[in-house]
Amino acid sequence: MLQSRDDIRNIAIIAHVDHGKTTLVDELLKQSGAFRENQEVQERVMDSNDIERERGITILSKNTAVFYKDTKINIIDTPGHADFGGEVERVLKMVNGVVLVVDAYEGPMPQTKFVLQKALALDLPVIVCINKVDRPEARPDDVIDEVLELLMDLDATDEQLDCPFVYASAKNGWATKDLSDPKDNMIDLFETIIDYIPAPTGDPDKNTQVLISTIDYNEYVGRIGIGKIDNGSLKVNQEAVVVNAHEEGKCEKVRITKLYEFDGLNKVDVDEAQIGAIVAISGIADIHIGDTICAPEEPEAIPFQKISEPTLSMNFIVNDSPLAGQEGKFVTSRHIRDRLFKELNTDVSLRVEETESADSFKVSGRGELHLSVLIENMRREGYEFAVSKAEVLYHEENGKKKEPMEMAYIDVPEEFSGAVIQKLSSRKGELLTMGTGTGGYTRLEFRIPARGLIGYRGEFMTDTMGNGIINTIFDGYDDYKGEIQFRSTGSLIAFESGESVTYGLFAAQERGTLFIGPAEKVYAGMIVGQSAKPEDIEINVCKKKHLTNTRSSGADDALTLTPPKNMSLEQCLEFLDSDELLEVTPESLRIRKKILDPTLRKRANRK
């Protein structure tokens, strides 16, 4: 018989990137007494990963729990970026409702629509939290209308449309149901969660069923499966079986050796957990996302929602440049293969395929950021490898070539809109609407092939002088739109191996923009700059000045070099052309031609 656990609420915090989810969770933790009075707590405490802290974005969903009065509130902080949408899709199976955070100035954005759509599809109740109402330009009343319009567009039910609205300033630590009645704490948000989000239900007398929605990894205990107990209970040392709805024949006997529940930022050992509890289970070596832990008497898998397919792929290749193996700790194909397949344990949106070459692996993900974060993580762990230009994954339907499309929502000052429209139109983008956005910006909506956006963000920031905002979201597959000209400039290619010299660089800088300074190691076929012309140019940056006895006035004046353009990982990936690779090591990023030998390269280009 179904029973509800009134002492538990399971919620996910969802929002567009940078609307304040993680800061909101910080405040809920602080005000529920999760930290000691004198405990020093860093900002955005849930963003535990180095890259998350540096970039100010959430990449992995995190579990935490707070206590309010006699109720335990399990909270899952989710990513806001479209490339990590797979994280959001799977954790929604663990919760009974969501708190949708919307910026009081920006209003609903593309990713707001994406995550809200997923929540409504699972029939989850929604609490709308209008955050950052303390901003001088905040417009909370307009944003409420926009959220209601979005709910209607997404065919929300009457109950979902009748959702409560809470106004908050997560940064200042307060929330209120009524803007004319300001508060100095989060009590109104806590109360709304308790009153509006239903308690989890299940049958305590049925056999155990736990759907694993997230995998954590710990060096000491190995894989940790996290999921919600749907039926029955779970005890330490209990015999169980692991089954998977998508993998036929998977039915593995296991024993529950360790069981944890969440309390604040910690996992707490428990001997037994009941229905509705979100638990972490360690000791099962081969546990995967989508597995169900069941009682041996009745092994029945809980259906797991299908994760959206990847749209972009790159080849990860063993580094074979002349400088290979000098900076990285893990350089062989075995190392790279093991690391990529290990990533599949925790990232359900990623695909890794072996290719005809033993030294190359095809890695597919949800977008450029998704793949670049993986590259950056591997680089920091000591891996050295090369990656190819990102390519979209095509489909074929009824003999027709189909390609992934994106909706691009762009806010730019009016004077830059012409340049943006021109660039995106040349990349096969179709302008759907153009209107006035918030703050005097022009809002442009484009439907564009996903490959048309590869390498565009850097150009976009240059064209709008850093004032533009671009957000994209996947919009299905459509007929192939034809060839796109990506780069209008060529590359400056090093002619010989050696060390760059000021004299050689001075002569080369007239040909375009250099990526390197003096005293840097280079090799023949390495790209040292961007040509000002459409074709590639070979230059000798190692050329020294020949000394003679002849002297003339002013000939030996100091040579002045223009500072080189230092490129980030994303900028390097954007710059890559189809015949180039990016060499990634823990210390360096080098762009190179796939074929280093100039004669062989010319011969390949003639074919």
Side-chain angles (χ1 to χ4, degrees), residues 1-10 61-65 72 74 76 90-96 199-263 266-307 341-348:
M1 185 178 155
L2 282 180
Q3 289 183 14
S4 65
R5 281 283 303 270
D6 290 327
D7 59 336
I8 289 183
R9 296 291 184 276
N10 296 327
S61 58
K62 314 282 192 322
N63 291 68
T64 185
K72 180 180 188 179
N74 285 308
I76 303 174
R90 59 194 164 102
V91 299
L92 291 179
K93 290 287 275 186
M94 275 198 277
V95 299
N96 302 98
T201 57
D203 189 340
D205 302 322
K206 272 185 78 173
N207 287 318
T208 305
Q209 273 185 312
V210 184
L211 175 66
I212 300 300
S213 301
T214 308
I215 294 287
D216 201 356
Y217 186 80
N218 181 303
E219 286 178 17
Y220 302 106
V221 298
R223 298 164 72 79
I224 301 169
I226 299 170
K228 184 179 78 174
I229 300 177
D230 281 285
N231 288 308
S233 61
L234 207 56
K235 299 184 182 73
V236 173
N237 292 326
Q238 179 180 332
E239 297 280 343
V241 292
V242 177
V243 291
N244 190 306
H246 298 304
E247 286 183 46
E248 279 186 37
K250 177 163 186 177
C251 192
E252 185 186 341
K253 280 194 171 182
V254 294
R255 181 186 288 275
I256 309 301
T257 54
K258 278 270 190 181
L259 192 60
Y260 311 91
E261 285 191 15
F262 293 90
D263 183 1
N266 304 317
K267 293 190 189 83
V268 181
D269 275 328
V270 292
D271 292 328
E272 185 176 358
Q274 306 296 333
I275 54 162
I278 290 180
V279 292
I281 302 153
S282 67
I284 303 174
D286 192 31
I287 196 160
H288 290 89
I289 289 161
D291 285 349
T292 307
I293 294 175
C294 316
E297 307 84 57
E298 195 182 350
E300 185 188 342
I302 298 171
F304 186 63
Q305 118 177 52
K306 193 171 182 296
I307 300 295
F341 278 96
K342 179 184 161 194
E343 188 68 20
L344 294 179
N345 294 338
T346 52
D347 190 341
V348 285

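The first residue in the sequence is number 1, and the count goes up from there. Keep in mind the model is a prediction, meaning the values are calculated, not measured.
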[X] versus [Y]: any side-chain heavy-atom pair under 4.5 Å?
X: Met94; Y: Asn74; value: no
X: Ile287; Y: Ile281; value: no
X: Ile256; Y: Ile284; value: yes

By salt bridge (Lys or Arg N to Asp or Glu O under 4.0 Å) - contacts of [X] (at least two apart):
X: Lys72; value: Glu261
X: Lys258; value: Asp269
X: Glu300; value: none
X: Asp263; value: none

Output all residues satisfying side-chain hydrogen bond (donor to acceptor under 3.5 Å, both in side chains) with [X], sequence neighbours left out; order by chain, then residue number.
X: Thr208; value: Gln238
X: Asp230; value: none
X: Glu252; value: none
X: Asp205; value: none

Sorted by first residue and then second, give each side chain to side chain donor-acceptor pair (under 3.5 Å) pair with at least one member in residues 271-282; sequence neighbours left out.
->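 Every side chain to side chain donor-acceptor pair (under 3.5 Å) pair that includes a residue of residues 271-282, provided the two are not neighbours, is Glu272-Gln274.
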Handout entry: Residues which pass side chain to side chain contact (heavy atoms under 4.5 Å, CB included) with Asn231, listed by chain and number, not counting sequence neighbours
Key =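 With neighbours one apart ignored, the set is Asp203, Lys206, Gln209.
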- Residues in side chain to side chain contact (heavy atoms under 4.5 Å, CB included) contact with Asp6, at least two apart in sequence or another chain: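 For Asp6, the residues satisfying side chain to side chain contact (heavy atoms under 4.5 Å, CB included) (neighbours in sequence not counted) are Ser4, Ala199.
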